[in-house]
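Structure first, commentary second.
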2 protein chains.
Amino acid sequence: MSKCEQCIIREFSSLKSLSKEELLSISGCKTSKFIKKGETIFEEGDTLNGVYCVKDGICKLSKLSANGKDQIVKLVVKGDLLGQRSLISDEAVNLSAVALNNMEVCFIPKAEIFGNLKNNSDFSMDMLKQMAHDLKESDNVVVNMAQKSVKQRLAEALIYIHNSFGLNNQGFLNVVLSREDYASVVGTATESAIRVLSQFKKENLISTSGKQIKIEDLEGLKRVE
Amino acid sequence: MSKCEQCIIREFSSLKSLSKEELLSISGCKTSKFIKKGETIFEEGDTLNGVYCVKDGICKLSKLSANGKDQIVKLVVKGDLLGQRSLISDEAVNLSAVALNNMEVCFIPKAEIFGNLKNNSDFSMDMLKQMAHDLKESDNVVVNMAQKSVKQRLAEALIYIHNSFGLNNQGFLNVVLSREDYASVVGTATESAIRVLSQFKKENLISTSGKQIKIEDLEGLKRVE
DNA sequence: ACTAAAACATGACAAATATCATATCAAAAT
DNA sequence: ATTTTGATATGATATTTGTCATGTTTTAGT
């Protein structure tokens with residue numbers, strides 16, 4: 001758990017193009033930080049002097065809208081970096097990051113990132129690719145938000161979570177969100193999210209056990225209109 | 001108009017970090033291409049083997065949603081590049097680009113871009129910064145789409161166009177969009193966009209002359225709820 | 001200038017979604 | 001174990017937005 005070069009995360013993350021020597025030089029990475037469920041890693045407007053690499057756990061990236069409601073923009077998992085966008089733009093962070101379960105992250109100082117961006121073109125390229133991928137995703141979300149119904153968006157959110165984060169040993173979705181969080185992913189009122197989930201239950205598309213959700217009919221969910 | 005090194009656009013674009021020699025090597029850039037209003041530069045799903053640098057004119061980047069409606073994701077102007085995201089991700093283009101007025105663009109082949117990404121870290125950094133900026137914008141649009149009313153979104157679209165693209169000599173917005181395009185920016189039905197614009201007119205927030213729109217009360221538009 | 005086509009406009013109504021109220025349930029605290 | 005709090009659930013209703021119909025105006029083509 002101690003050295004970056006040994007970290008299993010390395011091969012999945014944008015850091016994969018860093019050499020052993022480069023990783024060793026990332027001194028701040030030697031110690032990982034544990035973050036409890038519900039804790040805030042950083043908040044909209046904060047200034048970061050480095051990025052976080054997620055070793056374990058899941059967090060949400062969200063933004064507070066003028067109407068006082070939070071909008072979840074992205075879910076971040078093992079292997080992802082947090083705060084790169086802000087670091088590269090050299091501006092305050094645009095989104096808040098809050099842990100959805102217990103997390104382990106390690107901090108990589110700004111200077112290390114910029115040094116590698118300057119000297120390792122493979123690393124720059126990986127960063128660019130990651131950013132390009134995020135941009136495509138974000139554009140697609142814009143289209144979905146603008147053009148699809150709440151029901152469709154919620155169905156797609158469930159499918160997305162199913163495909164990206166998998167299931168636990170009992171077949172429930174690995175990512176457990178409150179109804180309020182689902183509303184905040186989909187961009188609707190909490191009551192609406194609850195109603196739609198109830199409807200999905202009635203139609204046997206999903207089943208629930210407390211906060212846990214199991215997808216019973218993936219194909220059915222895909223057909224939701 | 002012929003050589004990249006002389007092009008005024010150069011200093012505004014992501015290409016500003018390329019040296020004179022690097023620009024000279026961009027052979028394909030020697031000839032610029034003229035695109036008429038309404039013409040398509042590329043379509044969703046196309047494979048690009050280079051990027052376009054916009055020398056003049058404005059175009060829309062849009063995506064077709066499953067419901068058959070187009071969603072405009074971004075407006076692109078002088079100095080911007082088109083197709084970088086797709087090129088970097090090495091995948092088909094995610095958005096269609098259609099000229100909103102007569103345009104002049106020049107084409108830069110893929111190999112040139114990648115060569116420079118590999119060898120010129122300032123260029124890579126500029127690309128990264130541009131992408132980071134686009135990502136922030138896109139995330140913000142997601143939040144607006146999800147949390148704001150059609151009226152608010154349309155008011156903000158007008159303000160955005162006012163601030164980003166300016167006015168012509170008679171004080172009308174420089175970018176002229178059809179009502180359908182406004183609907184497509186805001187993510188609503190054409191009739192709804194028309195209705196809201198009519199309402200803005202009645203409230204003396206804007207005035208119109210044919211397709212042209214003049215903002216009469218910018219502060220009032222900002223206060224729209 | 002005339003015609004056809006497209007864009008704009010508006011009413012009437014339907015559907016989707018938000019809001020408010022209230023009830024139930026589950027988790028946490030004492 | 002009991003209380004308290006927060007999350008989930010659902011009904012009733014208001015508001016927003018979409019759809020369809022239809023008329024008018026503008027634009028483009030001959």
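Below, chains carry the letters A, B, ... as their sequence lines are ordered, and counting in each starts from 1.
Heavy-atom distances under 4.0 Å link DNA chain D to no residue of residues 199-207 of chain B.
With D:dT17, C:dA21, C:dA9 as the candidates, the nucleotide lying closest to the side chain of B:Val150 is D:dT17. You'll find that the side chain of B:Thr188 is closest to D:dT17, out of D:dA9, C:dC8, D:dT17.
Computed from coordinates, the B:Leu177 CG to C:dA7 C1' distance equals 14 Å when rounded to whole Å. For the pair A:Lys151 NZ and C:dT17 P, the interatomic distance rounds to 8 Å; values are reported in whole Å. Between the CD atom of B:Gln212 and the C1' atom of D:dT25 there is a distance of 16 Å, given to the nearest Å. Note: NZ (A:Lys211) to P (C:dA27) measures 9 Å, nearest angstrom. Atoms CD (A:Gln147) and C1' (D:dT17) sit 13 Å apart, rounded to a whole Å. Separating the NZ atom of B:Lys148 from the C1' atom of C:dA18 is a distance of 18 Å, rounded to the nearest angstrom. Rounded to whole Å, the distance from CD on B:Gln152 to P on D:dT15 is 17 Å.
Comment: A:Lys222 does not engage A:Glu156 in a salt bridge, judged by the lack of any side-chain N to carboxylate O separation of less than 4.0 angstrom.
Side-chain N/O atoms of B:Lys129 and A:Ser89 include no donor and acceptor closer than 3.5 Å. A:Lys148 and B:Asn67 are not linked by any side-chain donor-acceptor pair at a separation below 3.5 angstrom, with hydrogens and angles left out of the test.
Between A:Ser178 and D:dA7 there is no side-chain polar atom (N or O) within less than 4.0 angstrom of OP1 or OP2. At the phosphate of D:dG18, OP1 or OP2 sits under 4.0 Å from a side-chain N or O atom of B:Ser192. Between B:Ser198 and C:dT10, a side-chain N or O to OP1/OP2 separation shorter than 4.0 Å is present. Within the 4.0 Å cut-off from OP1 or OP2 of C:dT19, at least one side-chain nitrogen or oxygen of A:Lys69 is found.
Contact annotation for A:Thr190: no contact, since no heavy-atom pair falls under 4.0 Å across all strands.
If B:Arg195 and B:Lys37 are placed on DNA chain D by their nearest nucleotide, the residue sitting closer to the 5' end is B:Arg195. Taking for each of A:Gly210 and A:Gly187 the nucleotide of DNA chain C with the nearest heavy atom, the 5'-most of the two is the partner of A:Gly187.
When every heavy atom of B:Ile88 is checked against every heavy atom of A:Ala132, the shortest pair comes out as CG2-CB, 3.9 Å.
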